[in-house]
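Everything numeric in this text was worked out from a predicted model, so none of it was measured. A, B, ... follow the sequence lines: proteins, then strands. Residue 1 opens every chain.
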Number of protein chains: 2
Amino acid sequence: MRIVVTGAGGFIGRELVRRLAAGGLAGATSEARIVAIDEALPPESLPLGIRPVIGDISDPALLDAIMAEPIDVLFHLAAVPGGASEGDFGLGWRVNALATLGLIERLSRQARPARMVFSSTIAVFGVPLPRDRVDDETLPLPTLSYGAQKLMMETLLADHARRGTIDALCLRLPGIVARPRRPGGHHSAYMSDIFHALAAGEAYTCPVSAASTSWMMSRQRCVDNLLQAAVLPAERIGTRRAFCLPALRLSMGEVVEAMAERFGPEVRERVTFAPQPALEAQYGSYPPIVTAIADGLGFSHDGDAASLLARALELTEA
Amino acid sequence: MRIVVTGAGGFIGRELVRRLAAGGLAGATSEARIVAIDEALPPESLPLGIRPVIGDISDPALLDAIMAEPIDVLFHLAAVPGGASEGDFGLGWRVNALATLGLIERLSRQARPARMVFSSTIAVFGVPLPRDRVDDETLPLPTLSYGAQKLMMETLLADHARRGTIDALCLRLPGIVARPRRPGGHHSAYMSDIFHALAAGEAYTCPVSAASTSWMMSRQRCVDNLLQAAVLPAERIGTRRAFCLPALRLSMGEVVEAMAERFGPEVRERVTFAPQPALEAQYGSYPPIVTAIADGLGFSHDGDAASLLARALELTEA
């Protein structure tokens, strides 16, 4: 079994590769050969037995080399995230669209269709979001180029799945927390920063209001779901190949409460709310989310705020 | 004013070019220079004053040449239709996706954003369609590669419109009648053939049932709508840049009745219905269509079956 991971050096990719190396792909019948691809792969992030490939997936020669042998499962995580691709359209287009098209085109020529797990995004829905709820029938109207590019790839992958050329699943990921505190092109960094700052005993100025609501998932639970997508039997999957993952809908106030329960009441006093209207509009007004398709396929969120927090800060083992 | 038409030799393109040459673009303040592009452009289809460009729009050199001067309005009609692109994925992808991406990429670099009128399709909705109705909030789930490719381009063009790089409008065309009776890759040829056969006094075996319903528009009314899209002031258009045109929903029985009223009752006896399940499923079960966005922008359908018929057979002047 040959498994390829793009974006393997990223926040989600590193954890996915670690879990794959630890035999995390339930039901894999033959020994897994795992290829990890990224522009940079720090050696300490590569467990034993992983084949690293350093390079840019928008390089056709790199794609040809990866595809020289058939792939059983491709996790395509590499992306230029929302903030960066909004600021530099050409960069986002090159990776999120053109490189992905190159991957898809090559993969579709394989004699035996690969399972492709594509990390899509809730950014396929633009803002303002519907007030009452988002569900599997909600019309995606992206208001970020990142969301538009991901939506285009979803549409193409659903067509390849229908034609039988790629057995693709596109998972629309919610905000994955808690990302490391460094610049990564993520507009929504505050969703992660608040966890790290408060856990470290620091003061934190939250750029959205206490009432602002977001859809969240821990990295550990995200990787659980990616692995689930890789092993789902094709006959269980319907014609819908792109859908939202279940997510916990939490207000920033609820996040602070969960932190206070874990780390003590003084946490509450260390938080100031200074809402920025643009951030609040883009990321802070998420209505309830209903994920019937994903629920039926066995995908899941973190359960409750306390569990999300424990996993987000990796206080528990995956 | 420089106007470019791709697919100018096609059924809709020929009529659009004729109308443009006759000064059909209301409100054009300067003299129009019109460039007509297609793989073949019969001289008789080119009115005086039109600059013909014979070539393949998937050729980058051709695109560069077209874009050497700024464009004010681009009508992008060139496409490989549903049947042909379903049978030959590579051909459809090359024209409907790659050539269109090449056009969009070049157009987006223009200093002054062009108005781009893109002929999209109701095939962005797959089958089965919702039973009760299709409206501006209906989720597009294509079940033909043609529809998937058009939907991808809609998504990209909406993003360029949002960013202000291309002032794009994507019109989802219903079945345009009556196309000439010749092979053209159109699955839905029966929608046109029935008009021609019955008008010519011939017998006709209809491959869908009398009760089967479709959304139809005459070529003349389609061109009215394309011209309307070209001159709509940008400030009247909202954020929704892709929507269905209004269409008459007619059963094949109603089409036959309209023909009988025009050409005499013997028309009814010349029709036999021999439904083919696959055609009936793909094209024969269209629910009511509600087109609030298009209605609000002044787009319109043919009014009634008798008017549709008269225009479809070009018994009236545009």
Atom CZ of B/Arg236 with >12 non-hydrogen neighbours under 6.0 angstrom: yes
Note: B/Glu105-B/Arg109 ion pair, threshold 4.0 Å (strictly below): yes
A/Glu137 bridged to A/Arg240 by N-O distance under 4.0 Å: yes
Chain A interface, residue from B/Leu101, B/Asp136, B/Leu144 that has the most non-hydrogen pairs under 4.5 Å: B/Leu144
Atom of B/Thr6, atom of B/His76 and distance for their closest heavy-atom approach: OG1-ND1, 2.7 Å
Straight-line distance of B/Ile289 CD1 to B/Trp215 CH2, nearest 0.5 Å: 4.0 Å
Gap between atom CZ of A/Phe118 and atom CG of A/Leu171 - 0.5 Å precision: 10.0 Å
Tell me, side chain or backbone of [X] under 4.5 Å from chain A's heavy atoms, or both, or neither?
{"X": "B/Glu86", "value": "both"}
{"X": "B/Leu156", "value": "both"}
{"X": "B/Ala148", "value": "both"}

Candidates A/Arg115, A/Arg112, A/His160 - the one meeting side chain to side chain donor-acceptor pair (under 3.5 Å) with A/Asp167: A/Arg115
Residue-level interface, residues 57-67 of chain A with chain B, non-hydrogen cut-off under 4.5 Å: none
Proximal component of A/Thr138, with respect to chain B [non-hydrogen, under 4.5 Å]: backbone
Geometric class of the B/Phe243/B/Phe299 ring pair [parallel <30°, tilted 30-60°, perpendicular >60°]: tilted
